[in-house]
A.B. asks: 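Handing you a structure now.
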Amino acid sequence: MAAERRPTGFRLVGRYGLLAFVAFVTLFPIYTTLVAAFKPGDKVLVNPLVPDSFTLEPLMTAWSDGHLGRYLFNSFVVAAVVTIAQVVTSLLSGYAFAMLDFPGRHVLFALFLATLLVPIEATLVVNRRTVDTLGWLNTYQGLALPFLATAFGTFLVRQALLAVPGELRDAARIDGAGHLAFLRYVALPVIVPTVGALALFSFLSSWNQYLWPNLITTEESMNTVQSGLTLLRRSSLDEPNALMAGTVIAAVPIFAALLIFQRSLVRGLTSGAVKG
Amino acid sequence: MESRAFDRRRWRQLPVALGLLAPSAIILGAFIVYPIVKSVFLGTERCNASGTRCVEGGWDQYTDTFRSTEFQHALWVTAKFALITVPLGLALGIGLAVLAHKHLAGVSVFRAIFSSTVATSVAVASLMWLFLLQPSVGVLSNVGWIADAFPVVKQPGLLNDPDTALWSVGLSSVWANLGFTFIIITAGLQGIPDDVYEAAALDGAGGSRRFWAITLPLLGPSLLFVLIVLTSRAFQAYGEIDLLTEGGPRPDDSTTTITYLTYGRNSIMATDLGLQATTAVLLFVVLLGLSFLQLWSLGRRVHYGD
């Protein structure tokens with residue numbers, strides 16, 4: 001398509017018109033949310049498409065009554081722990097599969113990949129029981145524990161390490177404690193983009209978890225942002241501006257993070273799609 | 001001799017390898033493998049209505065559950081949900097990606113806009129759509145001309161009408177996934193070399209012919225990936241249903257999918273561990289075929305990946 005001649009005149013106007021229209025439709029739900037989040041309660045349903053008054057009150061209500069500060073903190077703690085753990089466990093296992101030759105390697109790798117066949121929803125019934133038995137309902141450990149390792153991350157790291165030049169890999173043929181040092185000082189710097197993409201992907205998927213925190217959280221103070229929004233929806237239906245303000249508060253950190261890490265995100269998402 | 005030395009080295013590397021694999025293996029084993037195996041047995045536990053007495057070994061619970069009206073209905077709703085969201089999401093993703101794949105000034109702004117919904121979690125996206133669609137306190141029902149032209153948005157409301165509820169949830173889901181779809185297909189488009197199009201243009205192929213004969217086939221791997229992800233997301237949809245309709249409107253349960261039947265807060269399964277395990281296992285089996293496809297496409301990338 002790039003080779004196509006640049007459209008001119010009417011066709012150019014038409015193309016921009018179409019782009020603008022589609023952009024308008026895409027942004028419409030975000031726009032109405034923002035309009036409502038900054039309107040006083042008595043105006044929010046009058047001309048809901050027009051930002052004709054401005055107040056920060058809904059934001060304050062959502063923040064204080066909805067405890068969103070606490071929930072954001074909880075989400076951040078859980079997502080940070082999950083991200084660090086997934087990166088570390090994926091680096092270790094990805095390294096073993098890419099750099100070491102040992103009996104049973106192929107079988108084990110196949111078993112790792114096979115765990116990708118299991119939809120997370122099929123495991124949560126038993127996982128809830130396990131976490132309950134450990135006495136970890138309503139705890140950070142409980143929220144994070146089932147997600148500390150990922151076969152997808154192992155796969156990504158392995159693929160990236162296999163692309164590392166042969167001389168570097170030959171240097172890996174050292175024994176014992178040498179492996180961790182090699183991983184840390186030689187292999188890791190080479191695959192930083194992959195690890196960055198994996199970290200962002202891990203953080204996002206942990207942050208966005210919906211069903212799991214809803215299943216194991218019964219104490220109000222241990223909700224994540226996502227399950228906190230569930231509570232907010234059940235409590236403030238008659239105050240749409242506060243609900244939308246809460247939605248804005250919950251959305252802002254990820255929008256900000258993705259603006260900063262755009263490139264990593266595209267890399268992370270497409271590494272599952274286009275090339276290894 | 002040499003091969004024996006090689007063998008010895010492989011065996012010598014085994015303890016190190018197992019040590020490195022242990023953290024991942026323990027977590028994956030305890031929270032993915034064990035739950036599936038355990039669920040299969042839990043699913044045979046039959047309990048009486050009050051849940052006070054349970055008997056193990058009731059394998060017929062699987063066939064009973066599968067044949068039950070509730071499960072059959074949920075399976076049908078799930079299939080409809082996938083048939084709504086997957087083709088629509090795919091078509092919109094392709095359309096947007098092709099539209100924004102032009103050398104136009106400012107096109108990167110549009111790309112950012114089209115990618116933007118990737119930043120919304122299912123809860124955020126669903127609440128935005130809840131506010132749009134709610135009959136009394138929503139946007140559409142309070143814009144005069146929309147409420148006049150489409151009375152259904154006010155009475156009973158798109159989310160409360162059994163005919164429109166699933167479509168409405170589907171639309172919100174399509175919107176939430178659009179950013180992801182757009183990013184993947186755009187990356188796929190960028191992988192198609194310009195000279196293919198130049199050659200086609202020289203041969204006199206017009207715009208639509210270039211689209212059908214070049215763009216679509218060469219997008220194949222990206223489209224397959226998006227297709228698989230969107231389908232499995234449709235089968236696992238939970239948050240949008242929980243926040244928008246809670247599986248209703250009732251009594252039709254028009255939006256109760258398999259996942260919602262298993263975990264939904266009003267679901268008959270939610271208090272019966274054995275039944276929950278049964279539907280979880282059945283969900284796993286239903287999704288297994290899909291997952292194999294996914295793994296197969298992953299395997300192809302291993303092969304062709306750089």
Side-chain angles (χ1 to χ4, degrees), chain A residues 1-3 6 15 18-19 22-23 26-27 29 32-33 36 45 48-49 89 92-93 95-96 100-103 108 113 115-119 121-123 125-127 146 148-149 151 154 159 179 208 210-211 226 229 233 238 240 243-244 247 250-251 254-255 258 266 269-270 273-276, chain B residues 10-11 13-14 16-17 20-21 23-24 27-28 31-32 35-36 38-39 96 99 101 103 110 113-114 119-124 127-129 131-132 137 139 142-143 180 183-184 187-188 191 194 197-198 222 225 236 238-239 243 259 263 276-277 280 283-284 287-288 291 295 301-302 305-306:
Chain A
M1 294 268 166
R6 279 156 187 267
R15 189 146 286 159
L18 194 55
L19 276 168
V22 180
T26 309
L27 291 179
T32 53
T33 300
L45 293 174
L49 300 181
T89 54
L92 295 180
S93 50
Y95 177 87
L100 300 179
D101 188 15
F102 54 92
L108 273 174
L113 285 189
T115 63
L116 292 174
L117 293 173
V118 181
E121 285 73 13
T123 62
V125 176
V126 173
N127 283 347
L148 297 183
T154 304
Q159 291 304 98
H179 286 290
N208 289 340
Y210 182 85
L211 183 49
Q226 314 301 334
L229 285 180
R233 181 244 196 274
D238 48 344
L243 185 60
M244 288 304 100
T247 308
I254 294 301
F255 267 96
L258 288 188
V266 172
L269 290 179
T270 52
V274 186
K275 278 181 188 167
Chain B
R10 293 184 69 203
W11 281 104
Q13 286 193 332
L14 185 62
V16 183
L20 292 170
L21 292 175
S24 292
I27 295 288
L28 296 178
F31 294 101
I32 296 183
I36 274 298
K38 181 76 186 167
S39 290
L96 289 192
L99 196 63
H101 188 63
H103 290 240
F110 289 105
I113 291 173
F114 297 156
T120 60
S121 68
V122 64
V124 165
L127 289 184
M128 287 178 170
W129 280 78
F131 180 50
L132 272 184
V137 292
V139 173
N142 282 286
V143 177
F180 163 79
I183 290 173
I184 301 291
D194 286 351
Y197 287 107
E198 279 162 27
S222 310
F225 178 69
Q236 295 167 60
Y238 179 85
L243 288 167
T259 311
Y263 294 102
Q276 261 192 319
L283 176 74
F284 168 59
L287 275 176
L288 199 62
S291 308
L295 207 60
R301 285 196 302 281
V302 181
D306 53 4

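A note on names: the letters A, B, ... follow the listed sequences, proteins ahead of strands, and every chain is numbered from 1. Predicted model only: the values in this text are computed from it and were never measured.
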A.B. asks: With respect to chain A, which residue among Tyr238(B), Phe114(B), Tyr263(B) yields the maximal number of heavy-atom pairs within a distance under 4.5 Å?
C.D. replies: Tyr263(B)
A.B. asks: Is a donor on one side and an acceptor on the other found under 3.5 Å between the side chain of Tyr210(A) and the backbone of Ser121(B)?
C.D. replies: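 No; judged by distance alone, with no hydrogens or angles, the pair does not exist.
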A.B. asks: Let me confirm one number: the CZ-OG1 distance from Phe131(B) to Thr32(A), rounded to the nearest 0.5 Å.
C.D. replies: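 Phe131(B) atom CZ to Thr32(A) atom OG1 measures 6.5 Å (nearest 0.5 Å).
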A.B. asks: For Thr33(A) and Met128(B), which heavy atoms make the closest approach, and how far apart are they?
C.D. replies: OG1-CG, 3.1 Å
A.B. asks: To the nearest 0.5 angstrom, please state how far the CG atom of Leu20(B) sits from the CZ atom of Phe102(A).
C.D. replies: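 It is 9.0 Å, given to the nearest 0.5 Å.
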A.B. asks: Please report the closest heavy-atom contact between Pro23(B) and Thr89(A), naming both atoms and the distance.
C.D. replies: CB-CG2, 3.8 Å
A.B. asks: Looking at every heavy atom in both Val126(A) and Pro35(B), which two are closest together, and how far apart are they?
C.D. replies: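 Between these two residues, the closest heavy atoms are CG2-O, 3.5 Å.
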A.B. asks: Could you state the interatomic distance from OG1 (Thr115(A)) to CZ (Phe31(B)), rounded to the nearest 0.5 Å?
C.D. replies: 14.0 Å
A.B. asks: With chain B, which of Ser93(A), Ala96(A), Ala36(A), Pro103(A) has the greatest number of heavy-atom pairs at distances under 4.5 Å?
C.D. replies: Pro103(A)
A.B. asks: Chain A: which of Leu283(B), Leu28(B), Thr259(B) shares the most heavy-atom pairs with it under 4.5 Å?
C.D. replies: Leu28(B)
A.B. asks: Where does Leu243(B) contact chain A at under 4.5 Å (heavy atoms): side chain, backbone, both or neither?
C.D. replies: both
A.B. asks: Using every non-hydrogen atom in the two residues, find where Ser24(B) and Thr154(A) come nearest and quote the distance to one decimal.
C.D. replies: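 Shortest heavy-atom contact: OG-OG1, 4.3 Å.
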A.B. asks: Quick check on Ser39(B) against chain A: is it the side chain, the backbone, both or neither that has a heavy atom closer than 4.5 Å?
C.D. replies: both
A.B. asks: Taking the side chain as C-beta and beyond, is there a heavy-atom pair between Leu99(B) and Leu18(A) under 4.5 Å?
C.D. replies: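 When only atoms from C-beta onward are counted, Leu18(A) and Leu99(B) do touch, with a gap below 4.5 Å.
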A.B. asks: Identify the two heavy atoms, one from Val125(A) and one from Ala280(B), that lie closest to each other, and give their separation to 0.1 Å.
C.D. replies: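 Heavy atoms of Val125(A) and Ala280(B) come nearest at CG2-CB, 4.2 Å.
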A.B. asks: Nearest heavy-atom pair of Leu127(B) and Met244(A): which atoms, and what distance?
C.D. replies: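 Smallest heavy-atom distance, with atoms named: O-CE, 3.2 Å.
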A.B. asks: Does the Thr123(A) side chain pair with the main chain of Ile32(B), one donor and one acceptor, at a distance under 3.5 Å?
C.D. replies: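 Side chain of Thr123(A) to backbone of Ile32(B), a donor-acceptor pair under 3.5 Å: no, none is there.
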A.B. asks: Report the option among Asn208(A), Leu108(A), Asn127(A) that has the most heavy-atom pairs separated by less than 4.5 Å from atoms of chain B.
C.D. replies: Asn127(A)
A.B. asks: Please classify the contact of Leu19(A) with chain B as side chain, backbone, both or neither, using a heavy-atom distance under 4.5 Å.
C.D. replies: both
A.B. asks: Measuring heavy-atom distances to chain A, does Ile36(B) have an atom under 4.5 Å in its side chain, in its backbone, in both, or in neither?
C.D. replies: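 When you check distances to chain A, only side chain atoms of Ile36(B) fall under 4.5 Å.
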A.B. asks: Output yes when a side-chain donor or acceptor of Gln13(B) lies under 3.5 Å from a complementary backbone atom of Asp101(A), and no otherwise.
C.D. replies: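 Yes; judged by distance alone, with no hydrogens or angles, the pair exists.
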